[in-house]
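Order of appearance sets the numbers: ligands from 1, and atoms from 1 within every ligand.
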Amino acid sequence: MTRIAIFISGRGSNMRSLVSAARAPGFPGQVVLVLSNDPAAAGLDFARKAGIEALCVDHRPFGKDRQAHEQAIDEALHARGIELICLAGYMRLLTPCLVDRWQGKMLNIHPSLLPAFPGLHTHRRALETGVKLHGCTVHLVTQIMDEGPILAQAAVPVLPDDTEDALADRVLAQEHVLYPMALRNWLEQDRKAAPADAVLLNPVPSA
Ligand code: GRF
């Protein structure tokens, strides 16, 4: 049973969907740690109440020394026997210190159909660009932000009267389905390269 840590920085809705999926009988992994860089992250409280260790490794005491912060995180992960990291709204850029050590063992969810719209404000940029399809991507984390092999994607249509919030809500609903599916597939494949059929289109119907 793979020991999983989920990294968050805020509300943690994707973390909740992963925790809930991992509790289903037969799920090939166990969420044993929720880690945040921000003590105010609402998701920490949820994890505690769910009986999962909730750990804050606050980045602020480390100042600009990102590597020292990541070193502290890495030590905490090893002390707990963590085998896989799921980034889920973790809002710190990672350095090679963590990325290289966890190569092939760190997944992320990004709210766009990568390689389109890496970075922030993806829904606003999708609306401004006029794309007709938008969505979310689960990928392996590599040194370049929001790059790395794509494991799964879910698409939603961009509607004529969409607002940034409405589009974000529609994508988020897909994220909550996609990330647990992608995680399960990844664990069941024994971390081999993603097969072509790992790409999903609209795993749940849009409202
Ligand atoms: C999600 O949109 C995720 O794709 C992105 O950050 C957001 C986190 O939301 N990486 P939540 O904290 O999981 O609710």
Item to complete: Can you see which heavy atom on Arg3 is nearest to which on Glu83, and at what distance?
Response: N-OE1, 2.6 Å
Practice prompt. Pull out every atom of ligand 1 sitting under 4.0 Å from any heavy atom of Pro111, numbered as shown with elements.
Written response: 2 (O), 4 (O), 5 (C)
Discussion item. On a heavy-atom basis, I'd like to know which of Gly89, Gly10, Gly12 is closest to atom 12 (O) of ligand 1.
Written reply: Gly12
Worksheet item: Is any NZ, NE, NH1 or NH2 atom of the basic residue among Glu188 and Arg184 found under 4.0 Å from an Asp or Glu carboxylate oxygen of the other?
Response: yes
Worksheet entry | Within residues 155-167 or reaching into it, pairs that qualify as side-chain hydrogen bond (donor to acceptor under 3.5 Å, both in side chains) - sequence neighbours excluded | Arg124-Glu164, Asp162-Arg170
Worksheet entry | Atom indices of ligand 1 within 4.0 angstrom of Glu175 heavy atoms, with elements | 1 (C), 2 (O), 3 (C), 4 (O)
Discussion item. Applying ring-ring contact (aromatic ring centres under 6.0 Å, His included) as the test, list every pair that has at least one member in residues 125-184; sequence neighbours left out.
Written reply: His123-His134
Discussion item. Just to be sure I'm reading this right: ignoring hydrogens, which of Leu178, Asn14, Leu120, Ile109 gets closest to atom 10 (N) of ligand 1? Compare them by their nearest heavy atoms.
Written reply: Ile109
